[in-house]
Amino acid sequence: MSISTYNKMWAEAQEGLNNLLQTETEDKSPKPLKDHPIVFQMLATFYVKYVQIFHNLETAYDQIVHPQKRLVIRQVLEGVMGRILELKNEMVELENSEFHYFDDILQDQKLCPEHIEIPIPRYFIKEKLKVLKEREKILAQILVNAGLQDIEPKKHIKVMTFEEAIRIIQISERARQGRIRAEFMKQIYLEEKRERQARLHGGKSPNLDASAVCIQKVWRGYIQMKRTEKIREEEMIFLGMNPPPHFPRISASLMQAQRVEAMRCEVQEKHKEEYKKALVAIKNRLREMEGPDIKESLQEQIRQWFIECRHITGKFPDYPDEEDGGSIVIFSQKTPEQVAAELAAKEEELQKKSKDKGKKGKKEKEKKKKGKEKEKQEKKDNEEKEGWKMAPSNFLPIMEEGNNWYKDVWQHREEGWNFHQEYDPELVKEEKRKEVKEEIRVQVDELMRQELKNLKLAVDREKDKKKRSGKKKKKKGTKGGKKKKSKKEKDLTPDRTIDSLYKELVEGGLLIKPKTVKLSDYVGEYSYLGTTLRQVDIEPMPSLADVRQLIALYGILPLGSQALHEKSPLVKALLLAGPAGVGKKMLVHALCTETGANLFNLSASNIAGKYPGKSGLQMLLNMVFKVAKQLQPSVVWIGDTEKTFYKKVPKAEKEMEPKRLKKNLPRILKSLKAEDRVLIVGTTTRPFDADLRPFCKVYKKIILIPRPDYASRFALWKHIILQNGGSLSKSPTISCLAKMSDGFTQGHIIYAAQTILSERRIRQLNRKPLTAVELMGALARQDPVYKEEEDMFKAWYAKTPLGKARAKALMEGEEPGKAKGKGKDKGKKKGEKKGKKK
């Protein structure tokens with residue numbers, strides 16, 4: 001596509017964003033909303049619209065090559081991503097559920113489920129591709145040197161004895177001779193048959209015309225049958241009833257598109273480098289050409305201000321401090337009297353504050369301790385009474401600033417001259433002229449302060465009085481420094497480099513290489529009945545598409561962007577719970593692949609016997625999180641994390657010491673700040689074995705992954721069969737497999753497909769198409785997820801804080817009459833019932 005296409009896409013996204021920002025500012029009513037369905041509908045509508053804008057902006061940012069346009073798009077894009085995370089957080093708090101369903105909104109707006117799929121920004125990987133490749137080389141080299149990985153993976157060759165080899169040769173040779181003998185006997189039989197037929201017919205000469213008609217009849221019938229089959233197949237593919245043909249070779253158009261994309265990336269880098277050089281060159285040129293004139297004009301204006309102030313007040317004014325803005329205060333379109341009055345008022349305020357602080361300091365400390373608990377209770381009560389209010393946003397100002405930047409500069413800008421989409425020098429001059437002016441203003445301020453002192457000594461004969469305000473400000477700084485300092489963790493490896501720590505962690509198997517898996521490889525369909533079921537008070541099971549969305553929102557987006565991680569709702573730990581085989585480890589690897597994160601393995605089985613004792617454990621955690629923070633983004637994976645929080649450790653696992661990290665994990669989470677792009681991810685197949693309270697304190701975000709539903713299984717079977725080299729037959733194999741594999745997980749399905757689709761079976765597919773019976777045979781040898789196990793997961797999730805809040809909200813919704821009744825009457829009735837029981 002051309003540059004104009006992506007410019008139009010950007011313009012459409014900005015127009016939609018402008019409308020959304022207007023509606024958001026208009027909907028900010030001071031009155032709280034009490035109707036939860038209306039609030040959720042409003043939030044969900046905003047969410048869906050922001051996701052659509054996100055799609056367009058991400059594509060535009062990836063394809064546009066103009067460096068200055070990309071800066072604007074990047075700012076707006078990060079603002080939109082942050083706003084999506086904020087709206088998601090609002091919906092979670094409102095509905096007390098991690099999963100939300102928008103099928104009614106999609107239907108109203110005539111959208112497909114693909115339109116609300118969270119896209120993964122491609123710049124997460126593109127911008128640090130060189131760093132990631134270097135890190136991969138270093139990791140591979142360390143593994144090879146340590147003997148943990150072979151340079152060339154050896155193929156497993158089965159050892160065979162001499163007798164076995166002779167026997168195989170004999171079998172194959174006898175089979176070859178048997179085939180030749182059979183072919184020879186067949187030819188003899190056919191010759192004898194022709195001779196018998198010739199004797200019966202009396203040796204009549206063959207009729208050539210009749211033979212030709214017979215051949216034509218058969219051939220024409222065959223050709224017409226093939227044409228009809230082809231037309232029918234094309235029609236079924238067009239209607240979506242049959243899958244499109246799977247081509248083993250990449251098409252020429254796809255290869256051309258890949259080449260164009262690579263060229264775009266090169267042009268982007270080239271224009272970016274030229275823009276960086278231009279920023280320095282144009283700034284130096286402006287300093288040389290316009291610097292002296294700017295300096296002279298500033299000095300003249302400040303001298304004029306000196307004269308006007310002395311004429312009005314009778315004496316020269318005090319020059320504003322650099323902290324107050326320096327000469328900016330003078331040029332803020334104020335009269336000399338107003339400037340002098342402001343400076344005097346500031347000094348008086350500083351003196352008053354310094355006196356009042358000493359008296360009020362002690363009383364305030366006592367009041368704060370008592371008031372904190374009351375405030376928390378009051379907030380909860382007010383929220384219940386008043387209703388819902390939108391929380392203040394950190395990203396709306398960023399989006400408004402980017403939107404105004406687009407309107408002022410790019411909306412109606414003529415770019416006919418800039419066909420190659422290189423940087424615009426006029427915009428660079430405007431930007432750098434302000435910087436040059438600011439630098440010169442600071443220099444002029446120093447000169448004019450000295451000049452003002454000389455004037456005061458010469459004209460007013462005033463002594464240069466030392467300002468007490470400066471000393472007071474310093475004292476304030478010392479007082480402020482006496483605040484309670486947060487206890488910093490001691491660095492146990494101050495003398496060691498990050499490279500040496502990285503090497504030690506790799507050799508110890510604590511830092512591992514993640515598998516290259518994309519989030520899109522986690523196949524699953526959208527749930528189309530979520531809203532309908534919730535309207536009938538039935539809690540639907542989340543679909544795999546919903547799980548994929550949550551991983552993108554809570555993991556990939558915050559880890560991929562520093563600005564997003566610092567300002568969005570902070571997620572430090574994430575728990576993936578579900579039966580074995582639902583793809584928990586795959587999602588952890590996808591997190592690392594999509595963001596270029598390091599993967600640390602702190603599973604109980606992996607750290608068993610490593611760094612023993614308390615001091616050893618502290619050293620281990622210090623090393624891991626020091627490297628994780630330094631080489632962020634990082635993912636710290638704790639597999640079978642329920643073992644860390646065991647209620648009672650089984651005898652077989654006591655030697656492994658699975659509860660080593662239990663006390664340290666909460667401390668580690670406290671030490672992680674918004675600047676640290678480190679995510680702790682726990683995976684568990686038996687969460688009900690863990691002690692719930694400390695478990696939920698560490699993992700505040702819990703994603704329950706279910707077994708796949710019919711739609712997801714249908715998509716999964718198609719994807720896996722094609723991925724493993726199989727072909728889809730015209731018979732309804734996939735629908736049968738999807739129906740029959742109910743209760744089985746993705747792991748079971750993958751194992752069945754890989755078992756059946758061996759190299760030999762793939763070669764036979766042309767003669768012997770793949771059938772559902774073969775795959776179901778391999779699937780039947782595995783144990784499915786039974787209903788009892790699924791109910792155990794549901795019951796466990798209902799005991800988590802979010803599950804309890806959801807159940808409480810549903811109970812209150814079912815009994816609206818009782819909830820509106822007086823509290824006193826309820827208490828009496830309960831008391832009477834208890835008394836009767838006694």
Under the rule for side-chain contact (heavy atoms from CB on, under 4.5 Å), what residues qualify as partners of Lys8, not counting sequence neighbours?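 For Lys8, no residue satisfies side-chain contact (heavy atoms from CB on, under 4.5 Å) once neighbours in sequence are set aside.
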
Checking Gln68 now: which residues fulfil side-chain contact (heavy atoms from CB on, under 4.5 Å) with it, not counting sequence neighbours?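 Per chain and number, Gln68 pairs via side-chain contact (heavy atoms from CB on, under 4.5 Å) with His66, Tyr275, Trp410, Tyr423, Asp424, Leu427, Val428.
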
Partners meeting salt bridge (charged side-chain N to carboxylate O under 4.0 Å, His left out) with [X] (sequence neighbours left out):
| X | result |
| --- | --- |
| Lys701 | Glu98 |
| Lys126 | Asp62, Glu261 |
| Arg287 | Glu439 |
| Arg74 | Glu78, Glu127 |

In Å, rounded to the nearest 0.5 Å, how long is the span from CD1 of Ile512 to NE2 of His589?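 NE2 of His589 is found 5.5 Å from CD1 of Ile512.
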
Test side-chain hydrogen bond (donor to acceptor under 3.5 Å, both in side chains) applied to [X] - qualifying residues, sequence neighbours left out:
| X | value |
| --- | --- |
| Glu594 | none |
| His55 | none |
| Lys584 | none |

Under a 4.0 Å threshold between the charged nitrogen and the carboxylate oxygen, would Lys629 count as salt-bridged to Glu675?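 The answer is no: the pair does not qualify as a salt bridge.
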
Does any pair with a residue in residues 130-145 pass salt bridge (charged side-chain N to carboxylate O under 4.0 Å, His left out), and if so which ones, sequence neighbours excluded?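 Qualifying pairs: none.
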
Sequence neighbours excluded, which residues qualify as ring pair (Phe, Tyr, Trp, His ring centres under 6.0 Å) partners of Phe54?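 Here no residue qualifies.
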
So Tyr528 and Tyr526, would you call those rings parallel, tilted or perpendicular, with 30° and 60° as cut-offs?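 Geometry flag for Tyr526 against Tyr528: perpendicular rings.
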
Show every donor-acceptor pair shorter than 3.5 Å between a side-chain atom in residues 565-573 and any protein atom, with sequence neighbours excluded, or say none if there are none.
from: His565; atom 1: ND1; to: Ala674; atom 2: O; distance (Å): 2.7
from: Glu566; atom 1: OE2; to: Gln562; atom 2: NE2; distance (Å): 2.9
from: Ser568; atom 1: OG; to: Leu564; atom 2: O; distance (Å): 2.5
from: Lys572; atom 1: NZ; to: Leu669; atom 2: O; distance (Å): 2.8
from: Lys572; atom 1: NZ; to: Leu672; atom 2: O; distance (Å): 2.9

